[in-house]
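This report concerns only the one structure given below.
What you see below is based on every heavy atom in this structure, not just the backbone, and it leaves out hydrogens, waters and symmetry mates. Letters A, B, ... are given to chains in the order of the sequence lines, protein chains preceding strands, and every chain is numbered from 1.
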Number of protein chains: 2
Amino acid sequence: MEHPQSQELLSMHANLCQAIADPTRIALLYELGDGPKHVSQLLETLDLPQATVSRHLKVLRERSLVKTQRDGPFVYYELADRRILDALNIMRAIHTDILSRHHQLIQSTEE
Amino acid sequence: MEHPQSQELLSMHANLCQAIADPTRIALLYELGDGPKHVSQLLETLDLPQATVSRHLKVLRERSLVKTQRDGPFVYYELADRRILDALNIMRAIHTDILSRHHQLIQSTEE
DNA sequence: TCAACATATTCGCTTATCCGGATATGTTGA
DNA sequence: TCAACATATCCGGATAAGCGAATATGTTGA
């Protein structure tokens, strides 16, 4: 298999991956997996300062991972592409496996 | 759908995603998608300083995304879990779609 | 044992990212 | 129009991530 990619494309690819490299943003994306929500709703479940959530939403917006829609005073955020959840789930599955493998290692060392 | 995750797990998840948030590491992972390669082979295709590649490989190693095997003077690197390619491909597909959507926007604005 | 090659690490520096608090902007109903 | 609420941005300062150059470690064959 060939994977020739320009430095430029690689950078942009990495930039997109950067968006999911933060715990708050991962939580936001999973929250939005349930459907569109406005900022106050997100604040409720995440329990973080409003400025913090807004800043992270901006990162997701800038990278086009979410889209927004204003409804009166509220701004609803929505996933722009649900495949982002697939990517996150794969990463989580890999992570789970790594953890359980480490766990096994520790177990077998202890006995 | 429920996604209750402890802050701790979210951090670790993010930490794993962090690994793919760099163009050099993405390139390395795709290179290793072809099969195990030693550092000099990776240097050839990536055309980067040896220290740089070694540092990035260390990041991947620390997060258990790659495993190593020494063969004489060479250290072979190999993907620990090929699903990482699936995750990367999804991110790339999302990125491609974003780009083409932007492109369409520009086109329709110009006309 | 030692020169030569393969790989890893350290150092000093620059740049990026994250945060909380304060403040600004946008929107509504009275 | 203005108070009240929703959201976004700005400002420092702290922490982390990136880099190149130099150096250290590991391995081999002579």
Side-chain angles (χ1 to χ4, degrees), chain A residues 7-8 10-29 31-32 35-80, chain B residues 7-8 10-29 31-32 35-80:
Chain A
Q7 188 56 45
E8 174 69 8
L10 275 174
S11 275
M12 299 172 78
H13 190 174
N15 189 262
L16 191 63
C17 292
Q18 177 77 22
I20 60 169
D22 177 276
T24 300
R25 292 197 291 271
I26 292 176
L28 281 170
L29 290 168
E31 275 304 313
L32 293 176
K37 295 186 180 172
H38 59 71
V39 182
S40 299
Q41 289 176 312
L42 295 169
L43 282 178
E44 253 179 66
T45 41
L46 293 201
D47 193 36
L48 285 171
Q50 181 264 325
T52 300
V53 170
S54 208
R55 238 185 303 106
H56 284 295
L57 285 171
K58 181 182 190 168
V59 173
L60 298 175
R61 218 188 318 131
E62 284 171 345
R63 285 160 175 78
S64 304
L65 286 176
V66 298
K67 48 189 179 186
T68 62
Q69 192 173 359
R70 185 178 270 279
D71 181 12
F74 302 104
V75 176
Y76 281 84
Y77 280 77
E78 180 180 1
L79 292 184
Chain B
Q7 188 55 49
E8 174 69 9
L10 275 173
S11 274
M12 297 172 80
H13 190 174
N15 188 262
L16 191 63
C17 291
Q18 176 76 22
I20 61 170
D22 178 277
T24 300
R25 291 197 292 270
I26 292 176
L28 282 170
L29 290 168
E31 274 305 313
L32 293 176
K37 294 185 181 174
H38 59 72
V39 182
S40 299
Q41 288 176 313
L42 295 168
L43 282 177
E44 253 178 68
T45 42
L46 294 201
D47 194 35
L48 286 171
Q50 180 262 326
T52 299
V53 171
S54 208
R55 244 185 298 107
H56 284 295
L57 286 171
K58 181 183 190 167
V59 173
L60 297 175
R61 221 188 316 130
E62 285 171 344
R63 285 160 175 79
S64 304
L65 286 176
V66 298
K67 48 189 178 184
T68 61
Q69 193 174 359
R70 185 176 269 280
D71 181 12
F74 302 105
V75 175
Y76 281 85
Y77 280 77
E78 180 181 1
L79 293 184

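Screening B/Arg61, B/His38, B/Lys37 against B/Tyr77 for a side-chain hydrogen bond (donor to acceptor under 3.5 Å, both in side chains) leaves a single residue, B/Arg61.
The partner of C/dT27, taking Watson-Crick or G-U wobble pairs whose two distances both stay under 3.5 Å, is D/dA4.
B/Arg25 contributes a side-chain N or O that, together with a main-chain N or O of B/Ala19, makes up a donor-acceptor pair within less than 3.5 Å.
Atom CG of A/Leu46 is separated from atom C1' of D/dT7 by 15 Å (rounded to the nearest Å). Following rounding to the nearest Å, A/Asp71 (CG) and D/dC5 (P) show an atom-to-atom distance of 19 Å. Between the OH atom of A/Tyr76 and the C1' atom of D/dA8 there is a distance of 18 Å, rounded to whole Å. Atom-to-atom, CD of B/Glu44 to P of C/dT7 comes out at 11 Å; the value is rounded to the nearest Å. Spacing between atom CG of B/Leu57 and atom P of C/dT9 amounts to 11 Å, rounded to whole angstrom units. Between the CG atom of A/Leu10 and the P atom of D/dG18 there is a distance of 15 Å, rounded to whole Å. Between the P atom of C/dC5 and the CD atom of B/Gln41 lies a distance of 18 Å, rounded to the nearest Å. For B/Glu62 and D/dG18, the CD to P distance is 11 Å, given to the nearest whole Å.
Below the 3.5 angstrom threshold, one finds no donor paired with an acceptor across the side chain of B/Gln18 and the base of D/dA17. For a distance-only test at 3.5 Å, the side chain of B/Gln50 qualifies as a donor-acceptor partner of the base of C/dA8.
Projected onto DNA chain D by closest heavy-atom contact, A/Phe74 and A/Arg61 fall at different nucleotides, the more 5' of which corresponds to A/Phe74. Nearer the 5' end of DNA chain C, as judged by each residue's closest nucleotide, is the contact made by B/His38, out of A/Gly72 and B/His38. When the nearest nucleotides of DNA chain C are assigned to A/Leu48 and A/Asn15 by heavy-atom distance, the more 5′-ward of the two goes with A/Asn15.
Of all non-hydrogen atoms in A/Leu43 and A/Leu48, the two that sit nearest each other are CD2-O, 3.5 Å. Scanning all heavy atoms of the two residues, the minimum distance from A/Arg63 to A/Leu16 falls at O-CD1, 3.8 Å. Counting all heavy atoms, side chain and backbone alike, A/Ala21 lies closest to B/Gln18 at CB-OE1, 3.4 Å. Minimum heavy-atom separation, B/Ala27 to B/Leu46: CB-CD2, 4.0 Å.
Checked against D/dA6, D/dT28, D/dC19, the side chain of B/His56 finds its nearest nucleotide in D/dC19. Here the nucleotide nearest the side chain of B/Lys58, chosen from C/dC18, C/dT9, D/dG20, is C/dT9. Taking only side-chain atoms of B/Asp22, from C-beta outward, the nucleotide of C/dT7, D/dG18, C/dG20 with the closest atom is D/dG18. Distances from the side chain of A/Ala51 to the nucleotides D/dT9, C/dA8, C/dT10 place D/dT9 closest.
Using a 4.0 Å heavy-atom criterion, one finds that B/Ser54 contacts the bases of the nucleic acid, with or without backbone contacts as well. Residue B/Tyr77 is in sugar-phosphate contact alone, with no base atom involved, counting any heavy-atom pair closer than 4.0 Å across all strands shown. A/Arg70 comes within contact range of the sugar-phosphate backbone alone, with a heavy-atom separation under 4.0 Å but no base atom that close.
Residue A/Arg55 places no side-chain N or O under 4.0 Å from the OP1 or OP2 atom of D/dA8. Within the 4.0 Å cut-off from OP1 or OP2 of C/dT7, at least one side-chain nitrogen or oxygen of B/Ser40 is found. Here A/Thr52 reaches the OP1 or OP2 of C/dG20: one of its side-chain N or O atoms lies under 4.0 Å away.
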